[in-house]
K.L.:
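Quick one: structure below, then a few questions.
Positions are given from 1, in the same order as the sequence printed here.
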Amino acid sequence: MPCPSPREFRRTRSAPLPAASPLACRTVAGLRMAHGEDPTEPRINEVVDMMLARSPDFARLWERHEARRKRMESKRFRHPEVGEMTLWMNAFDVKSSPGQELIVYHAEPATQSADALRLLGTLAATRRTAEESRS
């Protein structure tokens with residue numbers, strides 16, 4: 001399972017996340033789950049050590065000892081081209097690859113978020129087609 005990015009706790013372009021933000025809590029709980037599954041994994045330990053040294057907010061959340069996997073929940077995104085979207089996330093274990101998860105995002109049908117997601121897919125496909133025709 002990939003380690004959560006330290007940028008979730010140290011933002012350079014915007015204000016830092018509040019210590020009790022739901023995103024921060026979920027990210028630390030997911031990292032603790034990964035750490036519990038493989039406490040000798042060097043990359044996980046590197047991220048944990050760095051974050052404990054650099055972020056008092058992370059350290060407070062780490063001390064809670066909350067561990068959990070991703071679950072179905074909604075997340076809000078702001079994309080520079082299609083605007084705000086609220087997407088639902090599902091996480092599925094990949095049985096043939098222990099520790100790996102497949103994360104799927106989808107929008108509620110017939111919503112502004114569904115329209116934005118469809119537009120984003122169209123933009124991506126159009127760019128890919130244009131790039132392929134140039135090569």
Side-chain angles (χ1 to χ4, degrees):
M1 171 168 156
C3 297
S5 167
R7 74 175 176 252
E8 292 302 338
F9 299 94
R10 293 185 312 108
R11 299 208 173 183
T12 57
R13 291 184 163 180
S14 61
L17 289 171
S21 80
L23 176 60
C25 293
R26 287 191 304 262
T27 302
V28 174
L31 182 57
R32 185 166 282 284
M33 178 64 90
H35 183 264
E37 289 173 347
D38 190 357
T40 62
E41 169 59 41
R43 178 66 179 131
I44 293 173
N45 287 322
E46 177 186 339
V47 170
V48 170
D49 291 345
M50 178 187 67
M51 294 307 302
L52 287 170
R54 295 183 181 178
S55 172
D57 291 340
F58 178 88
R60 281 189 289 278
L61 291 172
W62 187 255
E63 288 302 315
R64 291 182 183 180
H65 295 276
E66 294 175 5
R68 68 180 169 126
R69 296 192 189 293
K70 291 180 179 1
R71 59 183 183 202
M72 186 168 173
E73 56 194 25
S74 67
K75 289 188 178 183
R76 291 180 57 184
F77 297 89
R78 180 173 298 146
H79 190 277
E81 295 178 289
V82 300
E84 287 201 15
M85 298 179 284
T86 300
L87 303 178
W88 286 89
M89 179 196 74
N90 291 82
F92 302 93
D93 288 329
V94 178
K95 299 294 184 195
S96 63
S97 186
Q100 296 293 309
E101 293 179 313
L102 171 65
I103 308 299
V104 178
Y105 288 93
H106 69 278
E108 290 290 331
T111 62
Q112 182 178 352
S113 293
D115 294 342
L117 191 57
R118 196 170 13 265
L119 177 58
L120 187 57
T122 301
L123 291 170
T126 303
R127 287 185 185 126
R128 186 172 46 246
T129 301
E131 288 173 9
E132 289 170 356
S133 68
R134 280 187 248 138
S135 36

K.L.:
Listed by chain and number, what are the side-chain contact (heavy atoms from CB on, under 4.5 Å) partners of Glu84, not counting sequence neighbours?
P.N.:
Arg76, Arg78

K.L.:
Between His106 and Asn90, is there a side-chain heavy-atom distance shorter than 4.5 Å?
P.N.:
yes

K.L.:
Would you say the side chain of Ile103 lies within less than 4.5 Å of the side chain of Met89, judging by non-hydrogen atoms?
P.N.:
yes

K.L.:
Does Met85 belong to the same Ile/Leu/Val/Met/Phe/Trp/Tyr cluster as Trp88, with side-chain heavy atoms less than 4.5 Å apart forming each link?
P.N.:
no

K.L.:
Sequence neighbours left out, what passes side-chain contact (heavy atoms from CB on, under 4.5 Å) with Ser97? Give chain and number order.
P.N.:
Val94, Gln100

K.L.:
In Å and rounded to the nearest 0.5 Å, what is the NE2 to CZ distance from His65 to Arg32?
P.N.:
5.0 Å

K.L.:
Just how far is it from atom CG of Asp93 to atom CD of Glu101, taken to the nearest 0.5 Å?
P.N.:
6.0 Å

K.L.:
How long is the straight-line distance from CG of Leu61 back to CG of Leu52, given to the nearest 0.5 Å?
P.N.:
10.5 Å

K.L.:
Would you say Lys75 and Thr86 make side-chain contact, with heavy atoms under 4.5 Å?
P.N.:
no

K.L.:
Of the non-hydrogen atoms in Phe58 and Val48, which two are nearest, and what is the gap between them?
P.N.:
CE2-O, 4.0 Å

K.L.:
Could you grab the distance from atom CZ of Arg134 to atom CD of Glu132, nearest 0.5 Å is fine?
P.N.:
10.5 Å

K.L.:
Count the heavy atoms belonging to other residues, nucleotides or ligands that lie under 6.0 Å from CD of Gln112, then report whether that count exceeds 12.
P.N.:
no

K.L.:
What donor-acceptor contacts under 3.5 angstrom involve side-chain atoms of residues 117-126, with partners at least two apart or in another chain?
P.N.:
from, atom 1, to, atom 2, distance (Å)
Arg118, NH2, Asp115, OD1, 2.8
Thr122, OG1, Arg118, O, 3.1
Thr126, OG1, Thr122, O, 2.8

K.L.:
So, taking the atom named CG in Asn45 and the one named CE in Met50, what distance separates them when rounded to the nearest 0.5 Å?
P.N.:
12.5 Å

K.L.:
Before you tell me yes or no, could you show the steps for Arg68 and Arg26 under side chain to side chain contact (heavy atoms under 4.5 Å, CB included), namely the whole-Å CA-CA distance, both residues' side-chain angles and the distance that decides it to 0.1 Å?
P.N.:
CA-CA 8 Å; Arg68 68 180 169 126; Arg26 287 191 304 262; 2.6 Å; yes

K.L.:
Could Arg43 and Glu46 be called an ion pair, given the rule that one side-chain N must be under 4.0 Å from one carboxylate O?
P.N.:
yes

K.L.:
Looking at every heavy atom in both Leu87 and Ala107, which two are closest together, and how far apart are they?
P.N.:
CD2-CB, 3.7 Å

K.L.:
Could you state the interatomic distance from CE (Met51) to CG (Asp57), rounded to the nearest 0.5 Å?
P.N.:
9.0 Å

